[in-house]
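Below is one structure; the comments refer to it alone.
Throughout, a chain's letter reflects where its sequence line sits, starting with A, and its residues are numbered from 1.
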Protein chains: 2
Amino acid sequence: MRGAAGGANLLALRSHNTALVLDLLRTAGGAGISRLELAERTGLTPQAVSKITGRLRGEGLAAEAGRRASTGGKPRTVLRLVPGAGHALGVHLDRDELRAVLVDLDGTVVAERRAPLDLGAGAETVLEMVARAAEELAAEGLGHLVAEGARVPGAALAAAPTLLGLGVALPGPLDHVRGVLHRITGFPGWDGYPLREALERRLGVPVVVDKDTNAAALGLAVGGAGAEEGSEEGSGAGVEAGGEGGSGAGVEAAGAGARGGSFAYLHLGTGLGAGLVFGGGVHRGARTGAGEFGHQVVQLDGPPCTCGARGCIEALCLAAVARGDLAEAARVLGTGAANLAGLLDIDLVLLGGRTVAAAPEAFVHGVGAVLDARARREGGHDGPVPVRLAPAGTRGVAEGAAQLLLAPLFGRGEGG
Amino acid sequence: MRGAAGGANLLALRSHNTALVLDLLRTAGGAGISRLELAERTGLTPQAVSKITGRLRGEGLAAEAGRRASTGGKPRTVLRLVPGAGHALGVHLDRDELRAVLVDLDGTVVAERRAPLDLGAGAETVLEMVARAAEELAAEGLGHLVAEGARVPGAALAAAPTLLGLGVALPGPLDHVRGVLHRITGFPGWDGYPLREALERRLGVPVVVDKDTNAAALGLAVGGAGAEEGSEEGSGAGVEAGGEGGSGAGVEAAGAGARGGSFAYLHLGTGLGAGLVFGGGVHRGARTGAGEFGHQVVQLDGPPCTCGARGCIEALCLAAVARGDLAEAARVLGTGAANLAGLLDIDLVLLGGRTVAAAPEAFVHGVGAVLDARARREGGHDGPVPVRLAPAGTRGVAEGAAQLLLAPLFGRGEGG
DNA sequence: TGCACTTTGGCAACACCGTTGCGAAAGTAG
DNA sequence: CTACTTTCGCAACGGTGTTGCCAAAGTGCA
């Protein structure tokens, strides 16, 4: 709601309330939600909700979808988001693979691409690969929406009426606001590359760039991390730890995807990073560099890390993994998680990444044990912070990248 | 702006914009600010600002105060906050001392009390001491505002028309929302004590309770931490480190007190704690327990801490202080600060507390050196995070406690 | 001294927001 | 079929920031 200056006018008021309603419609998913429920959840009057939803229906973003059972009077009409009213592209540039998805407003993946990738091939080459994948996905998923005459190669994206833009997620520190990469460890050719500007010029649609961990965290935040279903894709999504000693804390945390939820997503793959979510939005910090978790020092004068420091979590954790000592790796990771949870007082810790996926139970239980111990030391006024496996599968980061474009629609931009 | 539900109506819109204008008036201080400047800073139209300031003048919260030099036309009229239009009481319950202040809207201390304290004397005794100090301060600073007939002992506070309430800051974890103490280390009699409720019943004015570190951080946030003046009270306020390698990062950080500023206040006294400020507001976390900094583990399997864990910053740091090795203490503290700064990407680190005050240079330079080294490792796209001595003197926590009541007026409640 | 110009800031009309009062629509219960 | 409950839209309303216009209060130049 607050722009750069902070003053709010009537347009901002409307945008805020509209985004709130859209977010609730999205969260409700296929089940839908009635006008009166929307009124209760937003605190607005039913009449205001009717006006807002009427406008949304006029714009094609919402539609009526059946009605509820009566409770003694006129039954409530159920409203539903029209998923096809908007789309976004998400691209995940990993160290050895490119994954691209086209999602609709609901976050459902409409089309998907996957290709081997060599970040060392240079920015121009990779840029062209991204553009090609984006155009193919748009043609596959949105081709029927494009007017016949507009189907000229190279202008496919700009011609798609429902496409909101493209989100790119990649490792390494970068400037999220300006869309400029700082560096990618091991690939010096990327230093200072203005990825957003280059892609926007090439594709003609809005582009947003973010760290992979932030994208993953955003995807989890809007996807309702820790929600009931959990039968998404990952086979080990049911694994959980840390709820035993708690007084209902696990139940509380189940709604982490809702507004106000806060969690940390810890990603352990070839490196270690974190994405922080406070109040439903990603915390990026003053210079959009937040989430530097791997190089937190947890062992003064410990073994040297590639970054030049000593005793970094990443170095300790990966060394333990390399020698097969998963229990120790989980203990180190848990120590970092406990530090983080104590400092920020979050609701939930989510674990992800290839290394975690290779042995989910070991990490979830190991990290959970450390958090349990900490909670017990503190006297247990509140239960321990629950630890779960991030439900998103291998394409979770790409989906999160697409959410970089969708989130502002739902009022999830910048911290809430 | 967002309440529990999130929906915003016209009243909320007005409150938001009014708070924004009040905050700018407060920040401008004695120099004042013109209507057009307010319009530029808020993004509102000049006419909207005129309406808002007109309302504020009608309520006695703002007044015209001279005019600027002309720039070729009608000179701008300068507006100023009327400091006496509102007051708040702030109490700091330290382990061995009670400090209470009465401040006006501007944050200026109008009256002050100080008394030795024994937290072990029991909640009732301390409660009575707080109430007595509050009533004395109110009588001293606000007596002339109270109608003659209303001057009956025990009802002094409720009768003072400009008094917004009382803020209490004290060590140890607590529930800020409900105003209930969890515990105070070393004083088991306080476990679970409903301090807010008890004080509100005793005094008849709104009461807010918070951790001492949060109160200090809030005081620094609204006081413009790192601003130019610095000639407050602390003799070593000029000490600074970490700006040398930076590209103007120090200048940027000078505005940490303004909206959008983010910093961490690290308090090293008998214990070690932190207060986090993002976007001008205190980050308290999901269960208002954030800022647990002292028991971050920075040495796996290190020496045992009183909390039961091993290798906590607090234990390592205080042990180093005890044996006179301030350089090592600063290095440990700096390691924790670097972890924190990397994780959250803050603008500034502020140091305070008795132990720091006893040797400011050693800590500021020692912590700054660790942050410098980290920034240099990362390639230095941005300069290192500056480290400064918190400018607030010994009564800073009490002033911050009073700001717990004033901050909501200026839109600084809960995260900006 | 007088006139032209610039800039500030208030008055009035306006568009738009959520709110309130009221009634039509659409069910259930008897 | 009637009485009742509940949902939801239409119309009028109060209040918000915005726009168009004009008076006030300066400066600069002839």
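In this structure, A/R35 reaches the D/dG9 phosphate: one of its side-chain N or O atoms is under 4.0 Å from OP1 or OP2. Within the structure, a side-chain polar atom (N or O) of A/N9 is placed less than 4.0 Å from OP1 or OP2 of D/dT18. Between B/N17 and D/dG17, a side-chain N or O to OP1/OP2 separation shorter than 4.0 Å is present. The shortest distance between the side-chain N/O atoms of B/T45 and the OP1/OP2 oxygens of D/dT18 is below 4.0 Å.
If you check every strand for non-hydrogen atoms under 4.0 Å, B/P46 touches nothing. Using a 4.0 Å heavy-atom distance criterion, A/T77 is classed as a sugar-phosphate-only contact. Residue A/R67 is in sugar-phosphate contact alone, with no base atom involved, counting any heavy-atom pair closer than 4.0 Å across all strands shown. Within 4.0 Å of B/L36, counting heavy atoms only, lie sugar-phosphate atoms of the nucleic acid but no base atom.
B/K51 contributes a side-chain N or O that forms a donor-acceptor pair with the base of D/dG17 under 3.5 Å. Within 3.5 Å, no donor on the side chain of A/Q47 pairs with an acceptor on the base of C/dC22, nor the reverse.
Between the side chain of B/Q403 and the backbone N or O of B/G219 there is no donor-acceptor pair closer than 3.5 Å.
A/V82 is not listed as a side-chain neighbour of A/L61, based on a closest heavy-atom distance of 4.5 Å or more.
The side chain of A/A48 has C/dT19 as its nearest neighbour among C/dC17, C/dT19, C/dG27.
Taking atom CG of residue B/L11 and atom P of nucleotide C/dC16, one finds them 23 Å apart after rounding to whole Å.
Summary of the strand contacts: B/I52 and A/S50 both lie near DNA chain D, and taking for each the nucleotide with the nearest heavy atom, the more 5' one is attributed to A/S50.
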Item to complete: With side-chain contact (heavy atoms from CB on, under 4.5 Å) as the test, would you mind laying out the steps for B/H283 and B/L344 before giving the verdict?
Response: CA-CA 11 Å; B/H283 173 89; B/L344 300 174; over 6 Å; no
